[in-house]
Structures are given as C-alpha cells and as structure tokens.
Amino acid sequence: MIRDITIGQYYPAKSVIHRLDPRVKIICTLLFLISLFIQRSVLGYGAATVFLGLVIYMSRVPLGFILKGLKPIIMLLLITVLFTLFLTREGQELVHFWIFRITDKGLEITVYTAIRLIYLIMGSSIMTFTTTPNSLTDGIESVLHPLNKIKVPVHEVAMMMSIALRFIPILLEETDKIMKAQIARGADLESGNIIQRAKAMIPILVPLFVSAFRRANDLAMAMESRCYHGGEGRTKMKPLVYKTRDYLAYMINVVYVLLVFFIGRFVSFHIWIF
Amino acid sequence: MKMVQSEKLIFEYEKRDEEGNVIGMNRAIDGVDIDISEGDFVAILGHNGSGKSTLAKHMNAILVPSGGTMWVDGRDTKDPLELWNVRQSAGMVFQNPDNQIIGTVVEEDVGFGPENLGVPTDEIWKRVEDSLKSVGMLEYRSNSPNKLSGGQKQRVAIAGVLAMEPKCIVLDEPTAMLDPNGRKEVIRTVQELRRRKKVTVILITHYMEEVIDADHVYVMDNGHIVMHGNPREIFSRVEELKRYRLDVPQVTMLAEELRQNGLQLPSGILKTEELVEALCQLNWNT
C-alpha cells in the first residue's frame with residue numbers, strides 16, 4: 001500500500017535535470033502546470049507534449065517508470081472522463097442512447113481534460129523523480145521563504161518534513177515488528193469484513209503511536225542538546241546557489257509558457273480539433 | 001581547570017498517581033558533588049534508576065538542578081544566557097542510535113550541530129570531514145543512516161557532537177542498545193578520540209568492562225555518589241559493588257574468588273593479561 005505512493009520517490013540518475021537547483025524545478029513545474037490550464041488548442045497541447053517529452057528525455061528517467069506513477073490516479077481519471085463525456089450538453093450530437101448523449105464538444109473537452117490530468121501528474125512526478133527528498137525540502141523552504149513575513153513558520157515546516165522523511169523507514173520497520181509480535185500472540189489481521197479488520201488494527205496502532213511519541217521526545221532532546229533553536233542564526237551546510245544552467249532552465253521555461261500563452265490567445269480560434 | 005563540577009546537586013520531580021495528582025516528590029539526584037578536570041576520562045557507573053542518566057542530562061543543561069549548582073566549563077547551567085554555550089562545550093551522545101540522528105544523509109546529520117551554531121558553510125564542510133574521519137565513518141558520508149549498523153550509527157552520533165568542537169563529550173549509555181561488536185566499536189572510537197583529541201570524556205554506563213581505562217570512576221546508587229576512585233580501587237571492593245547491583249568484570253571476579261580461596265593475588269585485577277601475569281608470578285615464587 002505504502003509502496004504505491006510515488007510522491008517523494010527518487011530515481012537516481014546523472015542528468016542535467018537531476019543537477020538543477022530544486023527551486024528551479026519547483027517553480028518550473030508550477031509554471032508548467034499553469035501552462036496546462038491556459039490553453040485549449042491542439043497547438044498548445046503539442047507544445048506541452050514537446051516540452052514534457054524533452055524534459056523526460058533529458059532527465060533519463062525511463063518513460064515506463066513515469067507511466068507507472070499514473071496507476072494510482074486511473075480511477076480518478078476514469079470518473080472525470082466519463083462525467084465530462086456524458087454530461088456535456090453543448091455542441092452537435094454524435095451518439096445518443098437512453099439518457100446519454102455524446103456531443104462533439106463533449107468529446108473535445110474530455111480528450112483535453114484527460115491529457116491535462118495525465119500531463120499534470122507526469123510533470124509533477126518528473127520533479128519528485130529527479131530531486132532527492134532533502135533538496136526538495138530545502139527548495140520548498142527557500143521558495144516559501146517570503147511567507148515568513150506573514151508569520152508562516154516556513155523553516156519549522158521544512159524541518160518537520162525532513163524529519164518525517166527520516167523516520168518513515170524507521171516507523172515502517174517498527175510497524176512490521178509490532179504486526180509480527182501481535183500475530184505471534186494470535187491477533188487476526190487478515191480475515192473479517194472491513195470493520196473487523198479496522199478494529200484489528202488497534203493493537204498495532206496503539207503501540208506504534210506510543211513508540212512514535214517516545215521517539216519524538218528523544219529526538220527533541222537530541223536536537224536541543226545540539227543547540228537547535230529554530231531557524232534564526234542558522235547557517236546552511238548545503239546552501240542553494242543558482243548556476244548558469246539554472247538561469248538557462250528558467251529562461252527556457254518562461255519562453256515555453258509565453259509561447260503557450262500566445263498560442264492560446266491568438267491562434268486557438270483558427271485551429272480547432274473539430 | 002575544572003571541566004564539570006557540581007556542588008550539592010539535587011534534582012527532584014513530582015510523583016503523580018494515576019489521575020495525575022501530585023502525591024509527593026521524587027529525588028533522582030540527592031546532594032551529588034562531582035569534580036571533573038579537563039582532559040579526564042571519567043566513568044559514572046550505576047544500576048538502572050540510580051540517577052546516572054539524570055546527572056548526565058544536567059551536564060548538558062537539558063535538566064536544570066532543583067537545588068545546588070552545576071558548572072560546565074566554569075558556566076552555571078542555571079543561567080539561561082549561558083544555555084547555548086553550555087550545550088556547545090559539553091556535547092551529548094544518547095542511548096538510542098535511531099532517535100538522535102536528525103539528517104537523512106550521514107554528512108548532513110554531522111553538519112546539523114555546526115549549522116545551529118551559525119558556523120560558515122566552508123567551515124562546516126571542513127568540520128564534517130574531520131569529525132567523520134576521526135570516528136572512521138568518512139566512507140559512509142553520503143549514505144542514509146537507516147542502512148548503518150547500531151555501532152556505526154553511534155559513531156555518526158559521536159561525529160555529530162565532535163563537529164560542534166566541544167571541550168567535553170558526555171556519553172549517556174551509548175552502548176546499551178548495541179550488540180557486543182557494536183559495543184566494542186563504539187568504545188574503541190571513544191578511546192581513540194581521547195588519545196588524539198584530548199577531549200574530556202564522561203562515560204555513563206553499567207558495563208564494567210568499558211570503564212577499566214578511566215581515570216576516575218564514580219558509582220551512583222539511589223541518587224547518591226557511593227563510591228569514587230580509580231578503577232583499581234573501585235574493583236577491589238567486589239562485595240560493595242555487588243551490593244549496588246553492579247557486575248564486576250569476569251577477570252576481576254575470578255581473581256577475587258581465587259584470592260578468597262587462598263591464592264596470593266593482588267586485589268583489583270582488571271585485565272586478563274594482568275591475571276595471567278599474576279598467576280605466572282605465583283608459580284614462579286613457589
């Protein structure tokens with residue numbers, strides 16, 4: 001179950017995309033996602049496809065690996081597609097049976113929505129595949145830094161994220177141990193309906209929580225004893241520094257977004273799909 | 001110069017019943033006087049619940065005395081203005097190797113302390129490299145701590161403390177959760193450090209084998225210091241140690257038994273070689 005979550009999963013490889021500054025990747029991903037929503041033409045989607053394809057190619061992450069990341073959203077995708085397909089009433093009717101009708105406009109919107117969703121996931125997973133959780137946290141901290149002014153504890157949130165990442169494997173191992181210990185005592189975790197199985201989880205969750213709190217207490221003490229006192233006056237071992245390739249990446253991205261924007265603005269009405 | 005010094009140190013906490021009402025006070029530490037000079041290797045021994053860990057936490061100002069005073073490097077730990085200086089000069093290594101590693105990569109964890117102290121970036125890298133080298137973990141610098149063994153994790157924790165350049169390292173039962181190999185590994189690292197870096201080491205433990213090289217040994221029981229002396233003096237008082245529920249090293253035990261059965265052996269034998277030597281001497285003389 002936990003293995004299916006692709007967020008934070010990292011695909012180690014040596015590529016330009018991997019070496020980019022995490023801030024660049026976060027901001028460019030955001031811009032790419034926005035670009036998906038400001039366009040409604042074949043040309044615009046063509047540009048997005050080319051851009052995404054290029055980035056995937058440069059990242060050296062196998063396409064199959066990225067497509068695997070789409071699995072968890074198949075259900076969501078199907079529901080969205082079916083709803084837009086059958087419930088759009090505008091445009092010319094193509095097929096009609098019982099209460100459902102498919103219109104040309106509906107078909108068009110459906111195709112676009114599907115592409116948009118798929119690209120959305122692919123675009124953001126490229127970011128997590130090519131960035132280690134650590135530098136991702138660093139990047140988020142740095143990108144959100146301006147929010148400090150409105151009293152958002154950005155540093156603390158980033159610290160919490162990185163600690164959470166550190167403890168995920170430890171707690172998983174612990175869960176496994178507790179499960180085995182409870183099974184050895186005769187706990188039945190497999191059979192029964194959902195409610196019974198949920199109830200069977202209690203003897204696992206309670207010790208897990210107790211131990212997590214104990215660990216948190218120990219960790220807080222260890223952090224304090226190493227002079228941790230929040231983000232103030234703290235220096236960085238690995239400060240984020242923009243290099244030429246990062247500026248270049250920004251430029252390419254901005255050019256792409258502007259292109260998409262102008263395509264959507266001026267060309268879209270002339271080249272419809274139908 | 002005195003590194004760690006305490007005078008009539010008392011630490012109490014509230015005892016509560018099941019509903020959380022205060023029903024009395026518990027004294028974890030009761031009138032402790034210790035005196036540790038710079039560069040010493042001091043061991044504090046004690047059974048579970050003897051107050052030794054509580055004492056250790058005072059040296060890092062994690063706990064503040066309820067009575068009496070504790071000075072670390074001449075600074076009163078009660079003074080809130082000196083808090084970070086105290087913590088910087090007395091680094092602390094804890095028992096559980098998993099719960100004291102903060103970074104997701106070994107080198108980042110070692111850099112955590114210097115980062116908090118506001119050390120410039122170049123200097124952090126230098127310190128990280130130096131301290132990883134001195135615990136022999138340099139080749140694991142870009143590994144995830146989750147993949148290391150217990151002993152290796154403790155060595156990383158020691159490196160993390162070293163990177164803050166403390167004058168004194170307090171190790172609070174660093175080997176309690178390790179297997180015999182890990183235990184040896186950690187103790188060897190500590191000894192190595194002492195030899196090369198000349199830092200003051202305060203080792204809190206209940207394993208007797210680990211303290212035979214110490215300059216001073218304190219034995220704690222029930223919040224009091226009950227014995228104090230060099231290892232040889234302490235270990236020659238086998239009966240007393242047993243009363244405090246401490247195990248004497250096997251060699252010392254054997255020598256003691258032999259002595260009681262009439263063999264002319266000196267008291268306070270700490271190492272196997274010493275016993276062998278003494279036995280050979282015995283044979284020679286007869």
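A note on names: the letters A, B, ... follow the listed sequences, proteins ahead of strands, and every chain is numbered from 1. All values below were derived from every heavy atom in this structure, side-chain atoms included, with hydrogens, water molecules and symmetry-related copies excluded.
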Would you check, one step at a time, whether the test side chain to side chain contact (heavy atoms under 4.5 Å, CB included) holds for B/N99 with A/F167?
CA-CA 9 Å; B/N99 296 356; A/F167 276 87; 4.1 Å; yes

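- Shortest non-hydrogen contact noted between A/M237 and B/W125 is O-NE1, 2.7 Å.
- In this structure, CE on B/M59 lies 14.0 Å from OG on A/S225, to the nearest 0.5 angstrom.
- In this structure, A/K236 does not pair ionically with B/E115, as no charged nitrogen and carboxylate oxygen lie closer than 4.0 Å.
- A pairwise comparison of heavy atoms in A/L165 and B/T104 identifies C-CG2, 4.2 Å as the closest pair.
- The aromatic rings of A/Y228 and B/F112 sit parallel, their planes meeting at an angle under 30°, below the 60° perpendicular limit.
- Across all their heavy atoms, B/Q88 and A/C227 have their closest contact at N-SG, 3.9 Å.
- Taking CG of B/L117 as the reference point, atom CZ of A/R234 lies at 10.0 Å (rounded to 0.5 Å).
- For a residue to count as touching a neighbouring chain, one of its non-hydrogen atoms must lie under 4.5 Å from one of that chain's; by this rule B/E123 does not touch chain A.
- Between the A/T235 side chain and the B/V119 main chain, a donor and an acceptor come within less than 3.5 Å of each other.
- Of the two parts of A/S162, only the backbone, made up of N, CA, C and O, holds a non-hydrogen atom closer than 4.5 Å to a non-hydrogen atom of chain B.
- Atom-to-atom distance recorded for A/H229:NE2 and B/R87:CZ is 10.0 Å, nearest 0.5 angstrom.
- B/D172 does not touch chain A: none of its heavy atoms, backbone or side chain, sits under 4.5 Å away.
- Distance alone, capped at 3.5 Å, is enough to place a donor-acceptor pair between the B/N116 side chain and the A/R226 backbone.
- Only the side chain of B/V128 comes within contact range of chain A, with at least one heavy atom under 4.5 Å from a heavy atom of that chain.
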Under the side chain to side chain contact (heavy atoms under 4.5 Å, CB included) rule, what do B/Q100 and A/D218 come out as? Steps first, then yes or no, please.
CA-CA 7 Å; B/Q100 57 181 321; A/D218 277 7; over 6 Å; no

Going through the distances and angles, do B/N146 and A/R166 end up as a side-chain hydrogen bond (donor to acceptor under 3.5 Å, both in side chains)?
CA-CA 8 Å; B/N146 296 321; A/R166 149 109 180 88; 2.8 Å; yes

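- Heavy-atom distances place no part of B/V170 under 4.5 Å from chain A, backbone and side chain included.
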